[in-house]
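Worksheet: the structure to be examined is printed underneath.
Quick note on labels: first sequence line is chain A, next is B, and so on, each numbered from 1.
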2 protein chains.
Amino acid sequence: MKNRARNKLANPNGAITMKKVAAEAEVSVATVSRVLAGLDGVKDSMRDRVSQTVARLNYHPNTLARGLRLGHRKVIGVIIPDLLNPFFTGVVHGVEAELYRAGYTLQVGHSDGLAEREQNQFKLLRSEGVAGLILIAGNKPTANYESLRPFGIPTVAIDRSPGGLAVDLVCANNREGVRHAVSHLLSLGHREIAIINGPEGINVAYERLGGYQDALRSAGIPLVEPFIIHSDFRQQGGYEAMRRLLDLAKLPRAVVVANNLMTLGALQAINERGIRIPEDMAVVCFDDMPWATSLRPPLTSVAQPVQELGRTGAQLLLERIKDPKRPVRQVVLATRLIVRASCGALTAAQVELPAPPRLPKTGRSAMQTSSGLEVEAGTTSNGFCIKNL
Amino acid sequence: MKNRARNKLANPNGAITMKKVAAEAEVSVATVSRVLAGLDGVKDSMRDRVSQTVARLNYHPNTLARGLRLGHRKVIGVIIPDLLNPFFTGVVHGVEAELYRAGYTLQVGHSDGLAEREQNQFKLLRSEGVAGLILIAGNKPTANYESLRPFGIPTVAIDRSPGGLAVDLVCANNREGVRHAVSHLLSLGHREIAIINGPEGINVAYERLGGYQDALRSAGIPLVEPFIIHSDFRQQGGYEAMRRLLDLAKLPRAVVVANNLMTLGALQAINERGIRIPEDMAVVCFDDMPWATSLRPPLTSVAQPVQELGRTGAQLLLERIKDPKRPVRQVVLATRLIVRASCGALTAAQVELPAPPRLPKTGRSAMQTSSGLEVEAGTTSNGFCIKNL
DNA sequence: ATGAAAGCGCTAACAA
DNA sequence: TTGTTAGCGCTTTCAT
């Protein structure tokens with residue numbers, strides 16, 4: 001009965017198992033397990049014998065079995081709306097960096113911004129027994145995050161606040177960032193300032209609009225309704241939005257574009273019309289991207305701490321996994337206004353200083369060599385603000 | 001004995017298990033399993049009873065247990081050198097799109113291009129029992145892929161050929177692509193053409209250099225040694241490489257940059273020196289990116305079928321999983337030369353036609369409205385070439 | 001200090 | 001057609 005080889009399916013490639021190691025080392029599986037877990041109460045002679053056998057057989061534990069036994073494993077699920085947007089992948093990079101150090105792997109699901117796929121990915125990841133979840137929600141405010149609550153998986157949201165889901169959130173100070181950008185344009189003498197914003201009904205777009213309004217209001221400038229355009233955070237959307245602005249009878253003289261991809265589209269529309277930047281149209285982009293310095297003129301932008309968003313999210317998640325009962329937190333990271341030429345603040349000559357092309361890890365100092373070109377846009381001095389909710 | 005609750009660890013959130021469903025529906029677990037697997041030989045009344053209970057209890061199978069039992073699960077590991085490079089994430093997007101349809105999830109490991117991390121990720125993914133592996137190898141030709149062979153996991157490499165590892169490979173026709181780009185520059189009258197290439201010793205850089213040499217050779221133009229620079233595929237590297245070219249006593253008048261990020265760096269160096277594109281320096285970029293149309297002038301580039309690389313890789317992997325014994329294949333996808341203004345072929349007026357900013361899914365036709373601006377660079381008519389090795 | 005054995009949730013061979 | 005049960009590889013309690 002014992003030997004009747006009931007299954008040919010399992011362990012198809014005859015992998016080394018703990019049992020084999022135990023047999024080879026002439027100890028019990030319990031001892032092998034203990035050695036591998038680094039528990040004490042094992043005689044050194046035993047420990048050595050096991051370690052050597054493990055090495056000799058090139059044994060690697062089966063984390064599936066381990067996970068089944070333990071009820072979880074060192075894998076974090078990540079749900080991201082768009083793999084093609086460098087902002088999101090930058091965030092994931094930050095998440096990965098932090099989690100890798102803690103010995104976790106990432107299981108990434110891509111929702112396409114679709115609520116249905118998002119839901120689906122959730123289910124998949126839950127079935128996979130992930131230890132936690134990083135959620136970057138899609139554009140649709142309609143998504144039913146409520147139904148995700150019973151999943152009971154430690155979850156941290158980044159950037160987008162999933163409506164109705166009381167989870168930890170880390171995001172940039174969108175409102176402050178845009179307010180600062182618009183204030184800067186105002187200080188340069190601009191009055192006709194437009195905004196190409198994200199979709200209505202999602203929190204980041206709402207906050208960015210708020211910053212725009214704050215700045216104009218405190219300068220005593222009335223809002224011009226056609227200068228406020230809601231688009232979709234995508235390149236084509238930015239292109240179309242900019243064309244709408246350029247078709248206006250009364251043109252704006254400056255525009256703040258609320259994300260990276262829309263800015264690319266907007267720039268193309270501007271270029272196509274032969275409109276000069278910044279003379280005819282000043283441009284500021286929310287979200288600093290590698291190509292900002294390669295554009296002509298270089299792009300003034302509001303830099304989000306992209307990787308930091310990911311890192312911080314990962315830290316919060318690790319803490320929540322450790323203590324699921326801890327109060328929900330919201331971390332708001334400061335943005336930085338990086339002044340280049342597209343807003344009209346600098347002459348071309350100033351910008352063409354020989355400087356590193358892209359802020360390296362120690363980006364701050366690199367930028368500061370161009371003294372004063374960078375301003376911190378945030379309310380806190382340490383660039384880190386925790387709200388306990 | 002039975003009820004002594006030995007473990008408080010496993011199944012921490014008291015998830016619904018198949019056993020509970022079976023109890024609730026008053027059938028055996030086998031029946032539940034059969035219903036869920038869609039096997040026949042189950043009476044309809046039973047099937048309905050189970051289905052309803054499954055729905056009512058909101059049961060979701062534990063894929064870990066399933067995976068342990070079966071020896072594999074519907075997860076594909078992906079190893080990628082750089083999450084911050086849109087080319088790689090574009091490929092992953094393609095992989096994901098294809099695999100999602102087949103019901104697979106992705107488990108992504110990020111190697112940072114480091115051989116050691118790559119190896120590490122390999123081990124992790126193996127322990128995780130992934131059903132297959134998509135490998136985009138790092139820049140280091142030193143990586144020891146040989147040692148990965150015994151893993152026995154179905155593997156497909158994309159873009160980079162992992163030295164010494166006989167696996168399916170899908171890549172773009174690098175040689176043809178660069179040859180075409182250089183030929184185009186030659187046809188515009190350029191003679192002093194430089195190349196900023198990737199690191200020596202990796203296959204894609206080797207092939208791209210080959211294409212450069214092919215084109216010059218067939219035009220009877222001797223190679224100028226300082227015009228050939230090896231860099232690292234990163235933005236900073238491209239910046240430095242371009243500065244080296246611009247410091248030359250005898251300047252090139254055109255440059256082909258062998259990847260997306262290096263081009264950004266090169267452009268910045270060019271802009272900093274106040275050098276005009278294309279009048280003083282024609283620029284062609286290998287790899288078309290969303291920002292190519294937003295640059296001024298718009299960037300002539302060799303488009304790789306980014307997502308297609310991923311999709312095809314995924315298909316090959318699925319086929320290999322189905323039949324691990326099938327012969328190793330290599331798929332080479334055609335590139336497209338997209339002529340814009342940075343090579344000097346077009347006047348600004350021509351380029352500023354009102355056209356969609358970015359090729360949508362039906363990219364081909366969109367580009368063709370600008371008639372003749374796009375040329376197919378590839379040896380095959382169907383854009384798909386399979387070599388059986 | 002070490003080992004025996006239960007059992008995590010599932011699949012599938014075998015029995016009925 | 002349905003049920004019973006072994007066992008995937010691991011961790012951990014309990015016994016020795």
Side-chain angles (χ1 to χ4, degrees), chain A residues 1-23 25-50 54 59-74 126-129, chain B residues 1-23 25-47 49-50 54 57 59-74 126-129:
Chain A
M1 268 304 196
K2 268 287 175 63
N3 294 337
R4 68 177 139 151
R6 302 163 118 259
N7 287 307
K8 45 274 305 165
L9 280 168
N11 194 359
N13 21 349
I16 308 296
T17 70
M18 193 177 258
K19 205 157 133 191
K20 287 188 194 154
V21 173
E26 294 175 304
V27 296
S28 71
V29 287
T31 302
V32 177
S33 180
R34 281 193 271 256
V35 169
L36 259 48
L39 300 178
D40 40 34
V42 182
K43 257 209 293 213
D44 282 358
S45 61
M46 280 278 155
R47 190 178 298 283
D48 291 352
R49 190 136 53 94
V50 170
V54 162
Y59 165 77
H60 291 277
N62 178 327
T63 58
L64 252 53
R66 188 168 195 282
L68 176 62
R69 180 62 229 254
L70 261 34
H72 63 88
R73 63 209 170 109
K74 288 222 144 190
R126 180 183 51 174
S127 290
E128 287 284 339
Chain B
M1 268 304 195
K2 268 285 176 63
N3 294 336
R4 71 179 138 149
R6 303 165 117 259
N7 287 309
K8 43 276 303 168
L9 282 168
N11 194 358
N13 19 350
I16 309 294
T17 70
M18 192 178 262
K19 206 156 132 192
K20 287 186 193 156
V21 173
E26 295 175 302
V27 296
S28 72
V29 288
T31 301
V32 177
S33 179
R34 280 191 272 255
V35 170
L36 260 47
L39 300 178
D40 40 33
V42 183
K43 257 210 291 211
D44 282 358
S45 60
M46 281 278 154
R47 190 177 298 280
R49 189 136 55 96
V50 169
V54 161
L57 298 187
Y59 166 77
H60 290 276
N62 178 328
T63 57
L64 253 54
R66 187 167 196 282
L68 176 60
R69 180 61 228 257
L70 261 33
H72 63 88
R73 64 208 168 110
K74 287 221 144 189
R126 179 183 51 174
S127 289
E128 287 284 338

So B/I16 and B/V21, side chain to side chain contact (heavy atoms under 4.5 Å, CB included) or not? Walk me through it.
CA-CA 7 Å; B/I16 309 294; B/V21 173; 4.0 Å; yes
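- Rounded to whole Å, the distance from NZ on B/K20 to C1' on C/dC8 is 12 Å.
- Side-chain proximity of B/L68 to the nucleotides C/dG3, C/dC10, D/dG9 is greatest for D/dG9.
- Residue A/S33 is classed as a base contact, given a heavy-atom separation below 4.0 Å to a base.
- Distance CZ (B/R73) to P (C/dG9): 17 Å, rounded to an integer number of Å.
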Under the side chain to side chain contact (heavy atoms under 4.5 Å, CB included) criterion, do B/E128 and B/R73 qualify, and how do the steps go?
CA-CA 9 Å; B/E128 287 284 338; B/R73 64 208 168 110; 3.3 Å; yes
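- Checking D/dT2, D/dC10, C/dG9 against every side-chain atom of B/T17, the shortest atom distance belongs to C/dG9.
- Across the protein-nucleic acid pair, B/K19 atom NZ and D/dG3 atom C1' stand 15 Å apart, rounded to whole Å.
- Nearest nucleotide to the side chain of B/A30, out of D/dG3, C/dC10, D/dC10: D/dG3.
- One atom, CG of A/L64, and another, P of C/dC10, lie 13 Å apart when rounded to the nearest Å.
- Note: B/M46 CE to B/S28 OG = 8.5 Å, rounded to the nearest 0.5 Å.
- Listed by residue number, B/G41, B/V42, B/K43 are the residues of residues 35-44 of chain B with a heavy-atom contact under 4.0 Å to DNA chain D.
- In the set D/dG9, D/dC8, D/dT2, D/dG9 carries the atom at the smallest distance from any side-chain atom of A/A65.
- Going from atom CD1 of A/I16 over to atom P of D/dG9 covers 11 Å, rounded to whole Å.
- Distances from the side chain of B/R66 to the nucleotides C/dC10, C/dG3, D/dC10 place C/dC10 closest.
- If you measure from atom CG of B/L70 to atom C1' of C/dG9, you get 12 Å, rounded to the nearest angstrom.
- Between the side chain of B/T63 and the backbone N or O of A/S127, at least one donor-acceptor pair lies under 3.5 Å.
- Taking atom CE of A/M18 as the reference point, atom P of C/dG3 lies 13 Å away to the nearest angstrom.
- Heavy-atom nearest nucleotides on DNA chain C were determined for B/T63 and for A/M46, and the one closer to the 5' end corresponds to A/M46.
- Phosphate contact (OP1/OP2 of D/dT2, side-chain N/O of B/T31, threshold under 4.0 Å): absent.
- Nearest to the side-chain atoms of B/V29 among the listed nucleotides C/dA5, D/dT5, D/dG3 stands D/dT5.
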Let's go through A/V32 and A/V27 carefully: what are the C-alpha distance in whole Å and the side-chain angles of both, what is the deciding distance for side chain to side chain contact (heavy atoms under 4.5 Å, CB included) to 0.1 Å, and is it a yes or a no?
CA-CA 7 Å; A/V32 177; A/V27 296; 3.7 Å; yes
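- Distance check: B/R66 CZ to A/L64 CG gives 11.5 Å after rounding to the nearest 0.5 Å.
- Put simply, CZ on A/R34 is 8 Å from P on C/dG3, counting in whole angstrom units.
- To the nearest 0.5 Å, the span separating CZ on A/R49 from CG on A/D44 amounts to 12.5 Å.
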